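Report on the following structure.
By convention in this document, chain letters (A, B, ...) are assigned in the order of the sequence lines, proteins followed by strands, and residues within each chain are numbered from 1. Just so it is clear, the structure is predicted and the values come from calculations on it, not from any experiment. Below, all heavy atoms of this structure are taken into account, side chains as well, without hydrogens, waters or symmetry copies.
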Amino acid sequence: VAAYTTLIRGFCKANQMDKAYATFRNMIAVGNKPDVVLYSILIDGYCKAKNLKAALSLLDDMKTCNIAANVVTYSTLIDGCCKAGQIDKANILLSEMIKAGCSPNVVTYNSMIDGFCQSGATDMALKVLAEMESKECHPTVVTYSSLICGLCKAGKASDACKLLKKMPKSGCEPNIITYNGLIDGLCKANKVDDAHGLLDELLKTGFTPNVNTYSSLIDGYCKIKNVDLAVKLFGGMRGFCSPNVITYTTLIRGLCSSGQINSARKMFDEMNNAGIHPDIYTYNVLLKGLCRARRSEEARELMKSMKTNGCKPNLVTYNTIIDELCKIVRLDLAFLYLEEMKVDGILSDVYTYSVLVRGLCKGRRHAEAKELLNSMKTQGCTPNVVTYSAIIDELCKLQELHHALSYFEDMKDNGCAPE
RNA sequence: CGCCUGAACACAGCUAG
């Protein structure tokens with residue numbers, strides 16, 4: 001069992017859940033009994049592969065085999081639910097584990113706190129903290145880091161600072177992740193200057209920032225349209241660390257969105273020369289930049305070159321190019337890419353359909369637009385307020401108000417709130 | 001009865017009105 005466990009853990013870490021599971025079945029077939037640790041490893045693998053269903057069904061498996069799930073098993077699943085945005089499910093599991101006589105520990109609570117923070121429910125996260133304290137379950141640096149980051153992102157920087165000050169009293173020292181979370185949280189709340197000021201203060205105390213620290217700040221400055229400062233930071237980070245693919249991609253996006261496509265292309269070349277390989281995000285960012293600048297031909301060239309460089313277009317790639325082609329009303333090409341994406345085995349999502357609906361409207365192909373809206377539902381893709389708005393806008397322009405209204409009703413019937 | 005071993009938690013980048 002030990003050897004199988006090692007092997008299976010390897011497959012899980014490599015994101016090869018099919019092989020992990022096949023090995024698992026195989027070991028059972030030859031007469032070995034899996035234990036709670038092995039189940040927990042597999043459950044964690046499925047959670048990280050975003051396959052909650054499979055993870056949950058393993059828990060059921062355990063019950064039928066009379067293998068008791070322990071606090072790690074439950075915590076793993078709870079964390080998986082939280083990361084998938086299913087906090088309700090996480091809460092259900094939490095009650096279930098308590099009912100099963102298994103007490104949550106600090107990791108369990110940390111996962112819940114992080115889940116609430118990620119969804120912006122910092123009040124709920126703080127309630128969990130209070131609950132921990134009342135149960136003498138001592139928060140750790142992880143607890144505080146999650147909360148501090150979440151509070152900043154929610155615009156509650158002063159609460160975050162209070163917690164930061166409270167940490168030493170609880171016997172925890174903030175570490176680089178705590179500070180990076182704080183800096184990133186401030187950036188995401190558009191308080192980029194505060195974040196930068198904080199870094200300067202920390203530097204005076206001997207803090208050594210890393211590439212995440214700088215990537216957060218560079219992204220922050222790009223998003224508040226201060227690309228010059230972003231570029232300056234990019235130059236200034238060298239004393240501490242080197243930019244990586246994320247740093248480059250962030251800056252390329254900033255350059256693109258301030259209209260500096262040529263500088264963006266230079267950055268792209270520079271990173272290649274530095275031996276840092278662009279990944280799918282990098283290509284998507286540059287593709288979007290070219291599209292926004294209406295350089296559609298170059299965009300289509302980029303689609304080709306990414307493939308030759310071994311980077312497969314993904315859903316975002318196709319959505320980006322299809323959107324551009326719809327905007328310039330080259331629906332023929334848009335549908336060509338739609339076909340190509342099907343061939344690649346990529347399923348359209350609500351973005352794909354929404355841009356196509358709008359494109360069809362723009363091309364005066366209203367009947368097809370309506371058809372597409374209907375067919376997306378049968379494909380298992382639920383239209384959202386953006387999709388409906390595309391159709392409703394168009395019908396209003398055509399002065400077909402009662403048709404527009406009927407879509408409006410349809411939208412509400414589908415549980416989609418108007419804005 | 002004690003000890004030891006394998007599993008879980010916090011930080012940065014991409015798409016539509």
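Contacts between residues 168-180 of chain A and RNA chain B, defined by a heavy-atom separation below 4.0 Å, involve A:N175, A:I177, A:N180, listed by number. Contact check of residues 213-240 of chain A against RNA chain B (heavy atom, cut-off under 4.0 Å) returns A:S215, A:S216, A:D219, A:K223.
Judged purely by distance below 3.5 Å, without hydrogens or angles, the side chains of A:T76 and A:D79 never pair a donor atom with an acceptor atom. In this structure, a donor-acceptor pair under 3.5 Å is absent between the side chains of A:S375 and A:Y353.
Other residues, nucleotides and ligands contribute over 12 non-hydrogen atoms within 6.0 Å of the NZ atom of A:K63. Summarising the local packing, NZ of A:K13 is surrounded by 12 or fewer heavy atoms from other residues, nucleotides or ligands at distances under 6.0 Å. The number of heavy-atom neighbours closer than 6.0 Å to NZ of A:K377, taken from other residues, nucleotides and ligands shown, is above 12.
Residue contacts shown for A:T352 are absent, as no nucleic acid heavy atom lies under 4.0 Å away. Among the atoms of the strands shown, none is found under 4.0 Å from any heavy atom of A:E394. Among the atoms of the strands shown, only primed sugar atoms or phosphate atoms (P, OP1, OP2) are found under 4.0 Å from some heavy atom of A:S146. Residue contacts for A:T320: at a heavy-atom cut-off of 4.0 Å it reaches the sugar-phosphate backbone alone, with no base atom in range. Contacts of A:N314 with the nucleic acid, taken as non-hydrogen atoms under 4.0 Å apart, are absent. Residue contacts for A:V385: at a heavy-atom cut-off of 4.0 Å it reaches a base atom on one of the strands shown.
The nucleotide whose nearest atom lies closest to any side-chain atom of A:N212 is, among B:C11, B:A10, B:A16, B:C11. For A:R358, whose side chain is taken as the heavy atoms from C-beta onward, the closest listed nucleotide among B:G17, B:C9, B:G13 is B:G17. Each of B:C9, B:A16, B:A8 was ranked by its minimum atom distance to the side chain of A:V72; first place goes to B:A8. Nearest nucleotide to the side chain of A:N384, out of B:C14, B:A16, B:A10: B:A16. In the set B:G6, B:C9, B:G17, the nucleotide with an atom closest to the side chain of A:V37 is B:G6. For A:D35, taking side-chain heavy atoms from C-beta onward, the closest of the listed nucleotides B:G17, B:A10, B:G6 is B:G6.
Residue A:K288 has no polar side-chain atom (N or O) positioned under 4.0 Å from OP1 or OP2 of B:G13. Distances shorter than 4.0 Å separate some side-chain N or O of A:K48 from OP1 or OP2 on B:C9.
Between A:Y39 and A:F24, the ring planes lie perpendicular to each other; the angle is over 60°, past the 30° to 60° tilted range. The aromatic rings of A:Y388 and A:Y407 are tilted relative to each other, their planes meeting at an angle between 30° and 60°.
A salt bridge is absent between A:E298 and A:K304; no separation between the charged side-chain nitrogens and carboxylate oxygens falls under 4.0 Å.
As a whole-Å value, the separation of A:K188 NZ from B:A12 P is 6 Å. To the nearest angstrom, P of B:C9 lies 12 Å from CD1 of A:I41.
Across A:R358, A:R364, A:K362, a single residue satisfies salt bridge (charged side-chain N to carboxylate O under 4.0 Å, His left out) together with A:E394, and that is A:R364.
Side-chain contact between A:V141 and A:P174 is absent, with no heavy atoms from C-beta onward closer than 4.5 Å.
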